[in-house]
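Below: the structure, in structure tokens.
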Amino acid sequence: MRMNRDVIIACDFSSATEVFKFLDLFEGQRKPFVKIGMELFYAEGPAIVREIKRRGHPIFLDLKLHDIPNTVRKAMKVLSALDVDMVNVHAAGTIEMMKAALEGLTRLDGSRPLLIAVTQLTSTSEERMQKELLIGASMERTISQYALNACEAGLDGVVCSPREAGLVKGACGLGFLTVTPGIRFAGATADDQVRITTPAQAKDLGSDYIVVGRPITAAEDPVAAYQRCINDFI
Ligand code: C5P
């Protein structure tokens, strides 16, 4: 890891060809931290992770594991051997599952990727959470409890909105990392994101890592858009 604050580019592409065409734009530049999600990983397999790593990019492998502790422990051992820098699990898998994830990730020399928990997905509304999942508490209360569970299990932080960063840090301490998507430049289209902030606002709200997809990947000049994020956030 180079630092505990950075801009992570969400590489939401469906093939290796597309992702490498995009990453080639950064040839000779600072190598951005990239997020690889389920679509790209399931399409291209571990080879895509190894190749992006070989090119010098730190990697957040966003696979959101959620299964019985033994399965998660063993799966994390495999991901750790891929030498990724950040991975995640669903906090809903319980403290026991998160502890198992941490065990699986820890390499023989004691090093390991950062481990981040998803609290409640931003696509889940408070109404659906209460009606379908029978979680009676408020969304805010649920997020801070899930963050506390992740903290107790020894995880490094959570994925959340920059607007929830204060809530999470208040519950878990300033050193507990917040990895925050939902970033847009001032005046830009929100796409399907609802609660958005600019990179500078995310910085002021205490985010440690911003996850930025389309504002960079769909920009006319992705390298300039990335640089703008770095300048505004770091
Ligand atoms: O293109 P955009 O900047 O909206 O991309 C944001 C990235 O962050 C996407 O990969 C999206 O799946 C991810 N994400 C999110 N909200 C969450 C968790 C992950 O937007 N709560």
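Both ligands and their constituent atoms are indexed starting at 1 by order of listing.
- Ion pairing between Lys169 and Asp208 holds under the 4.0 Å rule for side-chain N and carboxylate O.
- Looking at ligand 1, you'll find an N or O of Arg184 within less than 3.5 Å of one of its N or O atoms.
- Taking atom 3 (O) of ligand 1 as the reference point, the nearest protein heavy-atom neighbour is Gly213 N, 2.8 Å.
- In terms of polar-atom proximity, Ala10 is not counted as a contact of ligand 1, lacking any N or O under 3.5 Å from an N or O of the ligand.
- Side-chain atoms of Glu140 and Ser144 include no donor-acceptor pair closer than 3.5 Å.
- Ring-plane geometry between Tyr226 and Phe26 is classed as perpendicular, the angle between the planes exceeding 60 degrees on a 0 to 90 degree scale with a lower cut at 30.
- For the pair Lys35 and ligand 1, the shortest N or O to N or O distance falls below 3.5 Å.
- Closest to atom 20 (O) of ligand 1 among all protein heavy atoms lies Gln193 NE2, 2.8 Å.
- A salt bridge does not link Asp67 to Arg73: none of the charged side-chain nitrogens sits closer than 4.0 Å to a carboxylate oxygen.
- Salt bridge present: Glu51 and Arg55 bring a charged side-chain N and a carboxylate O closer than 4.0 Å.
- The cationic atom of Arg5 (NZ for Lys, CZ for Arg) does not lie both less than 6.0 Å from the six-membered ring centre of Tyr209 and within 45° of the ring axis.
- Heavy-atom contacts of Pro215 reach the following atoms of ligand 1: 3 (O) (cutoff under 4.0 Å).
- Less than 4.0 angstrom separates some heavy atom of Arg214 from each of these atoms of ligand 1: 1 (O), 2 (P), 3 (O), 4 (O).
- Under a 4.0 Å N-O distance rule, the pair Lys53/Asp85 qualifies as a salt bridge.
- Remark: distances from the non-hydrogen atoms of Asp191 to ligand 1 are all 4.0 Å or more.
- Of the charged side-chain nitrogens involved, at least one lies within less than 4.0 Å of a carboxylate oxygen, so that Lys35 and Asp62 count as a salt-bridged pair.
- The residue among Ile8, Leu121, Thr122 with a heavy atom at the shortest distance from atom 21 (N) of ligand 1 is Thr122.
- Of the protein's non-hydrogen atoms, Asp12 OD2, 2.8 Å is the one closest to atom 10 (O) of ligand 1.
- Closest protein heavy atom to atom 18 (C) of ligand 1: Pro181 CG, 3.8 Å.
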